[in-house]
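Here is the structure we will look at.
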Amino acid sequence: MKRILFLLLMLATTPALGVEPAEMLDDPVLETRAREIGRELRCLVCQNESIEDSNADFARDLRLVVRERLLAGDSDGQVFDYIAARYGDFVLLQPPVKPATWALWFAPAAILIVGGFIAFFYLRGRRTAPGPVPLSAAERDRLDALTGPAEKRDAQ
């Protein structure tokens with residue numbers, strides 16, 4: 001019983017989602033749009049969290065900016081353009097594919113392909129390594145002089 005009570009207490013102390021009731025718009029359609037836009041914008045403090053999920057002050061400010069732009073009559077695209085113009089493409093969780101962001105989009109695949117080629121040629125080179133080279137006549141005579149004739153060694 002104590003364990004269940006402890007677990008319930010721990011669940012009750014988890015952080016709430018970032019949007020505060022005072023930030024919400026009266027119009028449910030605009031609020032839905034604001035939340036969808038907020039899920040596509042990165043919190044620059046938290047880095048891997050959307051502004052809708054973040055409790056950072058900066059995320060709160062961005063949520064307010066999004067709602068202000070929607071109240072001003074901006075479309076979703078205009079809101080994204082406005083935010084990206086102020087904070088750069090990094091604020092977008094899905095940055096556009098353009099020359100400035102090619103590294104974000106194509107570097108992981110390029111690294112994987114180059115690594116695959118390196119591994120392929122490395123493993124291929126190891127597989128074709130030469131086997132033991134037979135002894136020359138002079139080397140065999142020297143070995144026999146040191147250890148005795150080969151027939152004698154094989155008999156032991």
Side-chain angles (χ1 to χ4, degrees), residues 3 6-7 9-20 23 30-70 74-156:
R3 288 183 184 175
F6 176 74
L7 288 174
L9 181 63
M10 292 303 290
L11 288 174
T13 61
T14 58
L17 292 178
V19 178
E20 298 171 8
E23 299 173 20
L30 283 180
E31 180 61 27
T32 302
R33 282 179 56 203
R35 286 182 181 258
E36 288 173 4
I37 292 170
R39 284 188 196 97
E40 298 293 322
L41 296 174
R42 178 188 321 272
C43 173
L44 296 177
V45 175
C46 306
Q47 303 267 327
N48 278 337
E49 224 175 2
S50 73
I51 63 170
E52 286 296 308
D53 297 329
S54 175
N55 288 325
D57 290 336
F58 182 75
R60 181 181 182 280
D61 294 343
L62 274 182
R63 287 192 301 266
L64 292 174
V65 168
V66 167
R67 283 159 174 79
E68 287 172 8
R69 301 304 304 171
L70 289 176
D74 286 0
S75 69
D76 293 1
Q78 289 171 322
V79 173
F80 283 120
D81 292 342
Y82 178 81
I83 300 289
R86 291 184 76 184
Y87 300 104
D89 288 332
F90 184 73
V91 76
L92 304 173
L93 283 172
Q94 293 289 325
V97 179
K98 59 184 185 180
T101 61
W102 282 354
L104 291 172
W105 286 101
F106 304 120
I111 290 170
L112 186 64
I113 290 169
V114 169
F117 276 115
I118 290 171
F120 173 76
F121 287 113
Y122 174 75
L123 292 174
R124 184 174 160 209
R126 285 180 48 136
R127 189 173 47 205
T128 59
V133 179
L135 296 175
S136 67
E139 292 170 333
R140 184 165 305 283
D141 290 341
R142 183 155 187 251
L143 179 65
D144 287 342
L146 292 172
T147 60
E151 298 82 25
K152 204 175 188 184
R153 279 195 317 264
D154 291 340
Q156 293 177 352

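Taking the side chain as every heavy atom from C-beta outward, V97 and F106 approach each other to under 4.5 Å. Within the 4.5 Å cutoff, no side-chain heavy atoms of L41 are placed close to those of Y87. For the pair P95/W105, a side-chain contact is recorded, criterion being any heavy-atom separation below 4.5 Å from C-beta on. Looking at heavy atoms from C-beta onward, K98 lies in side-chain contact with D89 at the 4.5 angstrom threshold.
Residue I37 holds its CD1 atom at 11.0 Å from CZ of R39, rounded to the nearest 0.5 Å. The distance from atom CG of D53 to atom CG of N48, rounded to the nearest 0.5 Å, is 11.5 Å. Here CD of E36 is found 7.5 Å from CG of D76. Values are rounded to the nearest 0.5 Å. In this structure, the separation between CD on E68 and CZ on R63 is 13.0 Å, given to the nearest 0.5 Å. Expressed to the nearest 0.5 Å, how far OG of S75 lies from OH of Y82 amounts to 14.5 Å. To the nearest 0.5 Å, atom CD1 of residue I113 and atom CD1 of residue I118 are 12.0 Å apart.
Counting all heavy atoms, side chain and backbone alike, S50 lies closest to G38 at CB-O, 3.4 Å. Summarising the geometry of A84 relative to V91, their closest heavy-atom pair is CA-CG1, 4.2 Å, with the distance given to 0.1 Å. Annotation for L92 and R42: closest pair O-NH2, 3.4 Å, computed over non-hydrogen atoms.
The backbone N or O of E52 lies less than 3.5 Å from no partner atom in the side chain of R35, so there is not a single donor-acceptor pair.
Listed by chain and number, the residues in a ring pair (Phe, Tyr, Trp, His ring centres under 6.0 Å) with F90 amount to none (sequence neighbours excluded).
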